[in-house]
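Below is one structure, written out as structure tokens; the observations come after it.
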Protein chains: 2
Amino acid sequence: MVAAEAGVTRSTVSRALNAERDVSAATIAHVREVAARMGYVPNRAAKSLASARSMAIALVIPEPGVLALADPHLVAVMAGVSRRIEDSDYLLNLMVAGDSENAKIMRYLTSGVVDGVLVASQHSRHDALLHLHDLVPVVFSGRPTEVTDPPNYFIDVDNARAASVAANHLLSLGRRRIATITGPEDMAAAGDRTDGWRAALVAAGLPADLVGVGDWTALGGAAAMRALLEAHPDIDGVFAANDVMAAAAVSVLLDAGRSVPSDVAVVGFDDSSAALSARVPLTTMSQPSEHTGEQMADLLLRILAGEDVPISTVVESHLVRRASA
Amino acid sequence: MVAAEAGVTRSTVSRALNAERDVSAATIAHVREVAARMGYVPNRAAKSLASARSMAIALVIPEPGVLALADPHLVAVMAGVSRRIEDSDYLLNLMVAGDSENAKIMRYLTSGVVDGVLVASQHSRHDALLHLHDLVPVVFSGRPTEVTDPPNYFIDVDNARAASVAANHLLSLGRRRIATITGPEDMAAAGDRTDGWRAALVAAGLPADLVGVGDWTALGGAAAMRALLEAHPDIDGVFAANDVMAAAAVSVLLDAGRSVPSDVAVVGFDDSSAALSARVPLTTMSQPSEHTGEQMADLLLRILAGEDVPISTVVESHLVRRASA
DNA sequence: TTGTAAGCGTTATCAG
DNA sequence: CTGATAACGCTTACAA
């Protein structure tokens with residue numbers, strides 16, 4: 001460590017640069033001055049090897065790149081995480097994990113380069129992530145697909161309840177043939193929303209038979225809507241599990257000559273930017289996406305600091321009325 | 001290293017796990033079997049400290065989080081990078097760098113945790129990145145704002161030429177009051193596009209006075225369009241420096257009662273997803289965004305492998321005609 | 001408050 | 001082909 005040319009030993013330099021304690025103020029100032037002048041940057045690998053901490057946190061998005069980043073909810077979660085981590089001492093590593101490189105990522109996450117892991121949007125096919133917490137603290141956004149023995153920390157809305165609220169709103173509008181466009185079947189949040197929608201219809205004495213499986217994307221949502229409409233032209237209400245699919249559904253409906261909301265009322269989920277840029281502004285279930293991200297980061301930071309935190313945190317969701325329903 | 005319990009020394013384990021050479025096939029098989037059984041994951045910090053390589057690459061997006069991820073061009077670049085890196089031995093670290101944490105990021109990039117850096121969307125206010133290549137190989141997407149002494153590697157379209165093509169297309173449509181909505185003034189690509197637009201108008205003997213400054217975002221594009229329209233109601237053509245702003249401009253025009261393209265013709269840039277989801281499908285200058293990402297990654301990988309590569313790589317752009325012009 | 005010295009978990013050099 | 005042994009650059013008791 002060349003900075004020892006400041007007239008002191010490496011230990012002192014280390015202390016001056018990090019601890020701020022057990023060193024005289026004068027030494028601190030001097031060492032820092034010299035370090036700055038020499039453009040010294042501590043080697044992070046050596047640092048974490050010696051201290052057994054990396055001061056880095058990984059945010060894992062287990063989705064093929066492009067897909068994930070087209071989802072405003074996920075992007076907002078990322079922004080929240082990023083903001084909260086920024087003003088901590090930790091550094092954020094964003095990893096968009098396509099299916100292929102899952103093993104690679106797992107190896108990375110367990111190799112000691114990160115002190116904690118944040119997982120957004122977990123699918124059941126990525127169940128390795130569920131057991132990652134044996135080796136490093138993990139916080140999920142969205143209920144994990146499986147309850148593990150030491151349970152996983154997570155932040156989520158009450159998806160089933162929120163979906164029921166959405167379905168009930170459509171019912172209160174007098175709709176009787178209410179379909180749902182779901183998220184991917186291997187995600188807990190998606191399943192919960194479908195369950196909530198079904199419960200509301202059943203409670204109203206209606207059959208819950210109109211289900212189109214989507215995948216959060218506009219393409220998937222449009223395809224589901226088209227199939228639904230063709231098989232059941234009498235549809236008069238749609239609850240889509242996110243705004244992106246809802247917006248796509250609105251497009252399909254309009255193109256098919258139906259008016260929204262008079263012929264078919266549509267409710268989305270997320271209250272994301274997609275809700276406002278849809279051809280008909282969407283009525284939707286709000287979800288504090290960015291706040292969720294901040295909460296995830298905050299929780300992890302606290303776990304890392306040794307605090308005790310609750311396993312699950314429920315964030316609020318409520319109906320936001322706009323033009324589509 | 002517990003795996004030494006396989007009956008050999010650490011050295012042999014290391015060789016068996018990495019090199020595949022200087023070890024007998026039998027030993028390799030045995031060691032790997034034991035390692036797998038024990039769930040052994042090499043410590044990455046120790047590894048890079050000893051080998052002086054991290055096998056990681058950083059992709060830096062020097063934009064405040066949300067902004068960047070709302071830009072389909074950037075997202076596509078990211079996807080391309082990600083794809084190319086995935087099937088290399090390197091690991092990708094995505095860092096969205098808000099203004100605040102610039103120093104933090106610079107320290108990270110120079111601390112030896114990454115072997116190379118990819119920079120998307122560089123602004124002149126982030127000029128520290130321009131000199132990063134003294135310490136670690138760097139490849140930019142988009143011409144850097146400044147020519148440094150050892151020059152920086154970059155991939156870009158010929159922005160000025162492409163902008164001229166766009167402006168000339170509007171001219172060929174008989175438009176005479178052609179405005180431009182620019183990108184942020186501190187980005188080279190944005191400036192080049194404005195220059196190209198200006199050159200075309202001047203060559204046609206027209207004044208190039210209608211300039212609205214945008215920032216790549218829908219909000220910025222809409223604001224610029226509104227201001228332009230108010231100050232110059234006679235506008236009959238608009239060249240927006242990206243599709244997102246072009247789409248926003250179309251919205252503003254329609255809401256102001258102008259029809260597109262009859263009253264005002266609009267040309268965008270990128271040929272991104274935004275071009276198709278605009279209220280009037282956009283005529284735009286294509287840019288192979290995802291390919292650009294792949295090229296960036298490829299170039300860096302080759303530099304890392306010790307190959308000689310060209311400083312600048314120009315990718316193709318051409319006019320894509322749709323409804324808006 | 002500062003120095004000394006022992007690691008941290010790997011790779012790499014050099015013998016054997 | 002394999003085993004010792006010395007780094008890698010830093011932190012951290014433990015002494016001084």
Side-chain angles (χ1 to χ4, degrees), chain A residues 1-36 38-56 89-91 107-115 135-136 304, chain B residues 1-36 38-56 89-91 107-115 135-136 304:
Chain A
M1 192 197 302
V2 226
E5 311 309 310
V8 292
T9 58
R10 299 196 307 236
S11 344
T12 306
V13 171
S14 175
R15 282 184 291 249
L17 259 29
N18 304 310
E20 296 232 6
R21 16 164 303 222
D22 291 342
V23 207
S24 73
T27 318
I28 292 189
H30 179 223
V31 169
R32 293 204 174 165
E33 190 275 319
V34 174
M38 301 182 60
Y40 168 71
V41 179
N43 179 307
R44 221 167 152 107
K47 198 164 182 158
S48 61
L49 181 56
S51 62
R53 289 175 322 148
S54 64
M55 295 308 281
D89 287 332
Y90 287 85
L91 206 120
R107 218 171 311 124
Y108 180 75
L109 297 178
T110 55
S111 69
V113 254
V114 295
D115 293 337
L135 299 159
V136 53
L304 254 19
Chain B
M1 191 199 303
V2 226
E5 311 308 310
V8 293
T9 56
R10 300 193 308 228
S11 336
T12 306
V13 171
S14 175
R15 281 185 292 249
L17 259 27
N18 303 311
E20 297 232 3
R21 14 164 306 225
D22 291 340
V23 208
S24 73
T27 316
I28 292 188
H30 178 223
V31 169
R32 293 203 173 167
E33 191 273 320
V34 173
M38 301 182 60
Y40 167 70
V41 179
N43 179 308
R44 223 169 150 107
K47 198 164 181 154
S48 61
L49 180 57
S51 63
R53 289 176 319 149
S54 66
M55 295 308 281
D89 287 332
Y90 287 85
L91 207 119
R107 218 170 311 123
Y108 181 75
L109 296 178
T110 54
S111 70
V113 255
V114 295
D115 294 337
L135 299 159
V136 54
L304 255 18

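In this text the structure is predicted, and so the values were computed from the model without any measurement. A, B, ... follow the sequence lines: proteins, then strands. Residue 1 opens every chain.
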Checklist line | Side-chain (Asp115(B)) to main-chain (Ser54(B)) donor-acceptor, under 3.5 angstrom | finding: yes
Notebook entry, point to check: Can you tell me how far CG of Leu91(B) sits from CE of Met55(B), rounded to the nearest 0.5 angstrom?
Noted result: 9.5 Å
Checklist line | Atom pair distance, as rounded to whole Å: NZ in Lys47(A) and P in dT10(C) | finding: 21 Å
Next item on the list: Map Ala25(B) and Leu49(B) onto DNA chain D by nearest heavy atom, then report which one ends up closer to the 5' terminus.
Entry: Ala25(B)
Checklist line | Audit row: Leu17(B), Tyr40(B), side-chain contact (heavy atoms from CB on, under 4.5 Å) steps and yes/no | finding: CA-CA 11 Å; Leu17(B) 259 27; Tyr40(B) 167 70; 3.6 Å; yes
Next item on the list: Measure from CZ on Arg53(B) to P on dG9(C) and round the result to the nearest Å.
Entry: 21 Å
Check: Any donor-acceptor pair under 3.5 Å linking the side chain of Arg44(B) with the backbone of Tyr108(A)?
Finding: no
Note to self: Donor-acceptor check, side chain of Ser48(A) to backbone of Ala45(B), threshold 3.5 angstrom: yes or no?
What the structure shows: no
Next item on the list: Starting at atom CG of Leu17(B), determine the distance to atom C1' of dG9(C), rounded to an integer number of angstrom.
Entry: 13 Å
Next item on the list: Round to the nearest Å and state the distance from Asn18(A) atom CG to dG9(D) atom C1'.
Entry: 13 Å
Checklist line | Rounded distance in Å - OH (Tyr40(A)) to P (dG9(D)) | finding: 10 Å
Notebook entry, point to check: Okay, side chain of Thr12(B), backbone of Val8(B): is any donor-acceptor separation there less than 3.5 Å?
Noted result: no
Note to self: With a 3.5 Å distance limit and no angle check, can you tell me whether Ser51(B) reaches the backbone of Lys47(B) through a side-chain donor-acceptor pair?
What the structure shows: yes
Check: At how many degrees, to 10°, do the end axes of the helix from dT1(C)-dA16(D) to dG16(C)-dC1(D) meet when each uses five pairs?
Finding: 30°
Next item on the list: Answer yes or no: is there a side-chain heavy-atom contact under 4.5 Å between Thr27(B) and Arg15(B)?
Entry: no
Checklist line | Arg44(A) CZ - dG9(C) C1' separation (whole Å) | finding: 18 Å
Pairs under 3.5 angstrom, nitrogen or oxygen only, protein versus nucleotides 2-4 of chain C, please.
residue, atom, partner, partner atom, Å
dT2(C), OP1, Ser24(A), OG, 3.4
dT2(C), OP1, Thr27(A), OG1, 2.6
dT2(C), OP2, Ser24(A), N, 3.0
dT2(C), OP2, Thr27(A), OG1, 3.0
dG3(C), OP2, Thr9(A), N, 3.2
dG3(C), OP2, Thr9(A), OG1, 3.2
dG3(C), OP2, Thr12(A), OG1, 2.7
dG3(C), N7, Arg15(A), NH2, 2.9
dG3(C), O6, Arg15(A), NH1, 3.1
dT4(C), O4, Ser11(A), OG, 2.8

Margin query: Whole angstroms only, please: what is the CG-C1' distance between Asn43(A) and dG9(C)?
Written below: 14 Å
Note to self: Could you work out, with side-chain contact (heavy atoms from CB on, under 4.5 Å) as the rule, every residue matching Ala50(A), not counting sequence neighbours?
What the structure shows: none
